[in-house]
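To keep things clear, I will list the structure first and then write my remarks on it.
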Amino acid sequence: MRSLLFLFLIIGSVLLTFSAWADSLSVTSIAPGVYVHFGKQEDAFPFNRGDIANLGFIVGDNSVAVIDTGSSPYLGDQLKRAVRSVTNLPIRYVINTHVHPDHVLGDVSFVGTDTVFVGNARLSAALQARGPYYMNALPRTVGEDDAKGAQVIAPTLSVQDETTLDLGGRKIVLKSWPTAHTDNDLTVWDAATQTLFASDLLFVNRIPVLDGNLSGWLSDLEGMAAIPAKLVVPGHGPLVTEWPQGLSDQRRYLTVLRDDVRAVIAHHGTMEQAMDSACLGEKDKWLLFGLYNRRNVSAAFAELEWE
Amino acid sequence: MGSRCLLLLAALALWSCGVCTSVARAAEAGDLTRWNEIRPLIFGAAEIENGEGIIALDAPTRAEDAAVVPISIVALAPQSPDRFIAKVSLVIDENPAPLVAVFHLTPLNGSATLSTRVRVNDYTNIRAIAQMSDGKLVMVSRYMKAAGGCSAPASKDQQAALARLGKMKMIPPERVMSGQPSVFHLLISHPNNSGLQFDQMSRNYIPAHYIKLIQITFDGQPVLTVEPNISISEDPSFHFAWVTDHSGTFEVKAVDSRDTVFTGSFPVTVAPGS
Ligand SMILES: [Zn+2]
């Protein structure tokens with residue numbers, strides 16, 4: 001009986017998780033044809049090889065779309081092998097949900113004559129401004145070996161507002177959002193399974209990082225809440241199955257951030273005073289709070305003092 | 001600072017950018033390699049003494065957001081007519097433009113304490129060098145770690161930055177007390193763009209677009225002159241002190257690298273009975 005249960009567990013994990021007897025990232029099939037690798041809820045370091053963001057791919061009848069490629073060519077290669085462990089269809093599209101290095105620096109692994117690199121219309125400018133800096137920091141973040149061969153790949157298809165890609169019998173809708181987490185956020189909607197790849201517009205359990213516009217983010221969340229999603233893949237954190245309830249923690253944090261920072265500004269306080277005092281009630285509710293809250297406050301302060 | 005000196009610093013900026021794309025050279029605490037290159041360009045052969053006890057640098061040990069790091073240069077003695085800080089230079093060794101800003105002060109500031117926000121590109125030493133009224137140079141420095149993860153010393157919202165260009169704010173303290181130093185906060189909306197990005201299409205460096213001069217006066221009297229550089233954060237921010245016994249008006253003139261002039265006029269009311 002015990003061994004039968006054991007067998008079930010093995011079969012279950014083989015069905016759900018195509019990890020690697022070969023060398024590839026572990027991916028989970030969350031819906032028919034939709035696969036996700038869940039990154040660790042950590043900051044990027046050589047010891048975790050920068051494996052911190054959620055990466056995914058969607059398989060249609062004649063092609064595959066990859067959604068984000070990881071922190072390094074090493075992770076890009078691993079993700080590519082994970083795709084190959086599921087299908088031999090061509091990887092036609094590589095979609096970058098935004099400029100951050102944990103989402104784009106595996107792109108180079110997918111470069112091919114027919115690969116289309118897709119991003120928000122503002123991604124190209126952001127990559128240009130930040131790319132050299134990210135490349136400089138990469139050996140430090142993921143280690144010298146994993147960083148080798150990294151390149152910033154310019155998007156070849158820009159999404160101004162919305163664009164639909166046809167993977168063969170399966171259409172996915174890409175949407176560019178007003179500035180929020182960054183000024184180049186993009187989500188992916190798979191209508192067939194009502195799955196939303198939310199990009200870093202959604203953090204679950206891990207503290208959200210503000211690198212765009214706080215007011216814009218709060219208003220984007222209302223737009224996202226209206227999407228009739230059954231499954232939502234956050235940029236960081238576990239799969240969300242209750243929507244829009246799944247974004248309420250993040251909405252609360254961002255609202256507290258806005259209100260606390262506004263209060264300091266109203267009393268002619270400084271950025272440093274705000275960094276020392278804002279959002280302290282959120283401290284135990286988020287992973288990596290100590291690493292990112294002060295940074296979020298400084299970004300919010302620089303934005304809100306112009307209100 | 002002469003134009004030859006500026007040219008040399010610009011050359012240094014391009015050189016370091018070429019380097020930064022190939023090898024990560026993160027300075028360690030106490031690493032003087034870069035400082036020894038910069039120092040003669042800014043200060044020539046002048047002797048620089050230890051500034052502890054005269055000024056202090058208030059800065060985080062790790063940059064939280066590479067694009068916006070708040071820094072204060074704290075003056076430990078008041079400005080008095082017979083001994084005051086005339087000039088403060090802020091230097092970030094490992095930045096593409098290491099001379100972040102030069103501040104010119106007067107005895108009438110009351111206090112020479114200054115705050116601003118800077119970009120920090122890498123692990124680096126940060127220095128404040130004060131020139132005293134007798135010409136003597138003194139320096140304090142400290143080491144700062146670069147911001148982690150996805151932080152970059154770049155704009156968060158490139159379109160918004162341009163849309164607000166040239167707007168200005170002067171935030172007074174809640175009460176301006178007669179005859180005592182009051183801290184004012186000047187904000188100028190400007191992308192203060194480094195211009196060091198390489199444009200793949202034109203095969204050129206995008207020209208820098210930054211504030212190069214700020215002059216503040218109070219009823220015609222000089223208050224503070226700043227010569228900033230691209231290492232100052234987007235939407236340049238400065239806290240400075242001023243002493244007055246009467247209500248009056250700050251006039252601010254800012255000039256950017258395209259020679260566009262921005263001006264602002266800010267009345268100040270001294271608290272009655274103070
Ligand atoms: Zn991100």
Side-chain angles (χ1 to χ4, degrees), chain A residues 43-45 50 52-53 98-103 122 124-141 144 147 152 154 178-179 181-184 200 209-213 216 265 267-268 270-272 275 288 291-299 301-303 305-306, chain B residues 17 19-26 58-60 62-72 115 117 119 121-123 146-161 164 167 169 171-174 183 185 187 189 193-194 196-201 206 233-235 237 239:
Chain A
D43 219 14
F45 289 106
I52 61 163
H98 65 293
V99 68
H100 284 155
D102 49 331
H103 299 260
R122 289 187 293 260
S124 181
L127 281 170
Q128 222 168 72
R130 291 158 174 254
Y133 180 80
Y134 289 153
M135 295 288 278
N136 178 50
L138 194 63
R140 216 156 49 213
T141 21
E144 304 266 350
V152 173
T179 303
H181 169 65
T182 65
D183 73 355
N184 51 90
D200 277 8
V209 178
L210 174 60
D211 202 11
N213 184 284
I265 291 170
H267 290 97
H268 297 204
T270 62
M271 178 179 276
E272 293 93 321
M275 289 165 81
L288 306 186
L291 268 179
Y292 286 99
N293 186 62
R294 290 172 60 83
R295 170 178 167 185
N296 288 342
V297 174
S298 65
F301 196 99
E303 170 191 333
E305 69 191 345
W306 288 100
Chain B
C17 191
V19 166
C20 74
T21 51
S22 53
V23 191
R25 194 187 82 77
D58 193 358
R62 177 187 276 281
E64 315 270 0
D65 182 333
V68 189
V69 182
I71 284 190
S72 295
S115 303
R117 301 170 190 164
R119 305 179 199 272
N121 285 54
D122 213 326
Y123 287 63
C150 56
S151 184
S155 179
K156 291 183 172 44
D157 191 340
Q158 301 197 41
Q159 287 176 346
R164 225 176 26 221
K167 276 195 183 168
K169 276 189 182 194
I171 303 158
E174 287 189 285
V183 176
H185 182 196
L187 274 167
S189 194
N193 195 342
S194 73
L196 293 174
Q197 297 100 262
F198 190 71
D199 185 343
Q200 297 293 346
M201 306 295 281
I206 301 163
S233 301
E234 178 177 306
D235 298 342
S237 158
H239 286 80

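What you see is a predicted model; the values in this text were computed from it and never measured. Below, read A as the first sequence line, B as the second, and so on, with proteins coming before strands; counting in each chain starts at 1.
Only the side chain of R164(B) comes within less than 4.5 Å of a heavy atom of chain A; its backbone N, CA, C and O stay farther away. Interface residue S189(B): backbone and side-chain heavy atoms are both found under 4.5 Å from chain A. Neither the backbone nor the side chain of L138(A) comes within less than 4.5 Å of any heavy atom of chain B.
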>> Evaluate D122(B) against R140(A) for side-chain contact (heavy atoms from CB on, under 4.5 Å), listing each step before the verdict.
In response: CA-CA 11 Å; D122(B) 213 326; R140(A) 216 156 49 213; 3.0 Å; yes
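The backbone N or O of E305(A) lies less than 3.5 Å from a partner atom in the side chain of K169(B), making a donor-acceptor pair.
In this structure, R117(B) CZ and F301(A) CZ are separated by 6.0 Å, a value rounded to the nearest 0.5 Å. For the atom pair CE of M271(A) and OG of S115(B), the computed distance is 11.0 Å after rounding to the nearest 0.5 Å. Here the OH-OG distance, from Y292(A) to S151(B), works out to 8.5 Å after rounding to the nearest 0.5 Å. Rounding to the nearest 0.5 Å gives a distance of 3.5 Å between OG1 of T179(A) and CG of D157(B).
Taking the side chain as every heavy atom from C-beta outward, M275(A) and P60(B) never approach each other to under 4.5 Å. Put simply, the side chain of Q159(B) does not reach to within 4.5 Å of the side chain of D183(A), judged on heavy atoms. With contacts defined as side-chain heavy-atom distances shorter than 4.5 Å, the pair P70(B)/T270(A) does not qualify.
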